[in-house]
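Worksheet: one structure, shown below.
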2 protein chains.
Amino acid sequence: MNARATRLAILNAARRLFVEQGLHGTTTAAVARQARVAVGTLFHHFPSKTVLLEALAADARAHRDAHLGEGVDPRDPVADQLRTVVVGHLRWSIAEPERHRFLELLGATPNVAASPLAAAGGDDVLLGVVERGRREGILRDLPADLLVAIGQRLGATLAAHVSLHPELADDPAFLDQAFAACWGALGRD
Amino acid sequence: MNARATRLAILNAARRLFVEQGLHGTTTAAVARQARVAVGTLFHHFPSKTVLLEALAADARAHRDAHLGEGVDPRDPVADQLRTVVVGHLRWSIAEPERHRFLELLGATPNVAASPLAAAGGDDVLLGVVERGRREGILRDLPADLLVAIGQRLGATLAAHVSLHPELADDPAFLDQAFAACWGALGRD
DNA sequence: GTCTATATATGGATAGAC
DNA sequence: GTCTATCCATATATAGAC
């Protein structure tokens with residue numbers, strides 16, 4: 001197995017275990033076992049557990065952002081852009097449940113949420129849409145950062161529900177209602 | 001210091017540290033230090049770290065439920081009941097930020113969210129309101145458990161924002177908009 | 001009930017052979 | 001690059017004096 005493949009095996013094993021057992025609940029030994037490599041090999045590729053976490057975070061964000069970047073057309077009405085972002089995020093979190101849950105976990109973990117590890121970065125897409133919506137006066141009279149947070153949390157809640165009922169991912173009626181709920185929360189009455 | 005006071009000091013210290021540094025990030029030694037008792041004393045009152053977590057969880061839920069139980073009048077329209085629950089929860093999470101964050105943390109921690117520790121229990125109040133709303137056909141055509149989850153997450157998001165801007169807790173315009181966002185997400189258009 | 005001192009296990013990380 | 005064996009710090013929990 002070449003170096004690249006070994007590195008990938010470690011990343012995949014680590015992501016899975018971190019999501020299943022938590023950040024502190026997962027030992028480097030367990031990651032190595034799951035990846036079918038020796039502990040020394042793990043530390044050869046990732047000099048510390050923190051570096052491993054950072055690599056996973058960067059990977060997950062890059063993956064998500066690449067997925068979200070496409071598709072949002074600045075010429076569309078804000079409501080359409082928002083729908084594109086929300087549904088896109090929903091689809092991504094269904095397609096990549098572990099990466100999604102890993103990012104959620106990072107954000108929810110004290111002393112990690114504040115570190116560079118949790119630097120949002122990719123939610124810029126949503127932020128851009130929200131800021132344009134506010135300028136146009138079609139969103140609620142709430143702070144922009146709160147609107148972004150609401151959009152994120154709502155998206156994550158929907159994603160968690162759909163991950164339990166995968167058939168909903170392609171149910172147009174459900175997706176309509178789900179987006180309607182988001183728009184109902186964010187849009188001006 | 002009597003036994004009751006010692007127990008309380010340990011609980012308060014533990015809650016604070018768990019919220020600040022995470023469940024696994026907090027050692028029993030650190031809790032004892034913060035509570036100004038010896039490690040042996042801690043383990044005298046709580047035979048294990050798990051028991052301490054359970055006691056903390058039970059305390060936080062009882063506190064929240066006692067607060068939420070009052071105030072919901074079954075004769076009110078569902079929208080009013082919902083507002084009572086949402087605003088009540090918001091106020092509670094502002095008044096008791098550590099208990100609130102501790103419950104959030106429990107729910108977000110793998111291998112803890114699934115354990116008896118995370119048994120919801122007190123969100124029965126919200127569940128009751130949502131079920132009545134669905135029967136009356138005034139809520140969105142989404143599964144009841146998803147509606148409850150949306151209400152909870154939205155409430156938690158608002159609470160997190162208000163904890164950063166405490167002055168909003170008594171701003172009627174903000175509370176109106178905040179509740180409007182919840183109702184927009186949950187209520188039928 | 002509270003303390004100090006310690007047992008026991010396990011964690012992250014390293015050394016050095018291959 | 002990968003392995004085995006091991007170091008060292010720290011974590012939970014206990015023992016037993018006061």
Side-chain angles (χ1 to χ4, degrees), chain A residues 1-59 102 105-106 109-112 115-118, chain B residues 1-59 102 105-106 109-112 115-118:
Chain A
M1 200 191 290
N2 64 40
R4 183 89 198 131
T6 302
R7 193 186 150 89
L8 261 182
I10 295 170
L11 283 172
N12 289 332
R15 189 187 306 114
R16 175 168 161 188
L17 290 178
F18 283 139
V19 163
E20 283 175 359
Q21 309 180 10
L23 266 30
H24 297 272
T26 302
T27 69
T28 49
V31 172
R33 203 181 323 122
Q34 177 83 23
R36 304 198 180 250
V37 297
V39 191
T41 305
L42 187 155
F43 279 94
H44 172 76
H45 286 273
F46 304 94
S48 75
K49 191 178 179 179
T50 299
V51 171
L52 176 56
L53 282 172
E54 284 165 354
L56 278 174
D59 162 82
F102 180 76
L105 195 53
L106 275 190
T109 305
N111 273 358
V112 173
S115 82
L117 261 177
Chain B
M1 199 193 288
N2 64 41
R4 183 87 197 131
T6 302
R7 193 186 149 90
L8 262 181
I10 294 170
L11 283 171
N12 288 332
R15 189 187 305 116
R16 175 168 161 190
L17 290 178
F18 283 140
V19 164
E20 283 175 359
Q21 310 180 8
L23 266 30
H24 296 271
T26 302
T27 69
T28 49
V31 172
R33 202 181 324 120
Q34 176 83 22
R36 307 202 179 245
V37 298
V39 190
T41 304
L42 187 154
F43 279 95
H44 172 77
H45 287 273
F46 304 94
S48 75
K49 191 178 179 178
T50 299
V51 170
L52 176 57
L53 282 171
E54 284 165 354
L56 236 24
D59 163 82
F102 180 77
L105 194 53
L106 275 188
T109 305
N111 273 359
V112 173
S115 82
L117 261 177

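Of the residues in residues 36-48 of chain B, those with a non-hydrogen atom less than 4.0 angstrom from any atom of DNA chain D are B:Phe43, B:Ser48. In the region residues 5-25 of chain A, proximity to DNA chain D at under 4.0 angstrom, judged on heavy atoms, holds for A:Thr6.
Legend: salt bridge (Lys or Arg N to Asp or Glu O under 4.0 Å) pairs involving residues 18-27 of chain B, not counting sequence neighbours, sorted by first then second residue: B:Arg16-B:Glu20.
For the pair A:Leu53 and A:Phe102, the minimum side-chain heavy-atom distance is below 4.5 Å.
Expressed to the nearest 0.5 Å, how far CG of B:Leu106 lies from CZ of B:Phe18 amounts to 9.5 Å.
Taking the C1' atoms of five terminal pairs at each end of the helix from C:dG1-D:dC18 to C:dC18-D:dG1, the two resulting helix axes are inclined by 0°, rounded to 10°.
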Please tabulate, for the side chains in residues 4-13 of chain A, all donor-acceptor contacts under 3.5 angstrom to protein atoms that are two or more places apart in sequence or on a different chain.
| from | atom 1 | to | atom 2 | distance (Å) |
| --- | --- | --- | --- | --- |
| A:Thr6 | OG1 | A:Asn2 | O | 3.0 |
| A:Asn12 | OD1 | A:Arg15 | NH1 | 3.0 |
| A:Asn12 | ND2 | A:Leu8 | O | 3.3 |

Which donor-acceptor pairs under 3.5 Å do the side chains of residues 22-42 of chain A make with protein atoms, sequence neighbours left out?
| from | atom 1 | to | atom 2 | distance (Å) |
| --- | --- | --- | --- | --- |
| A:Thr26 | OG1 | A:Leu17 | O | 3.1 |
| A:Thr26 | OG1 | A:Gly22 | O | 2.8 |
| A:Thr27 | OG1 | A:Ala30 | N | 3.0 |

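Following rounding to the nearest Å, B:Leu52 (CG) and D:dA11 (P) show an atom-to-atom distance of 16 Å.
Taking 4.0 Å as the cutoff to heavy atoms of chain A, we find the contact window on DNA chain C bounded by C:dG11 to C:dT14.
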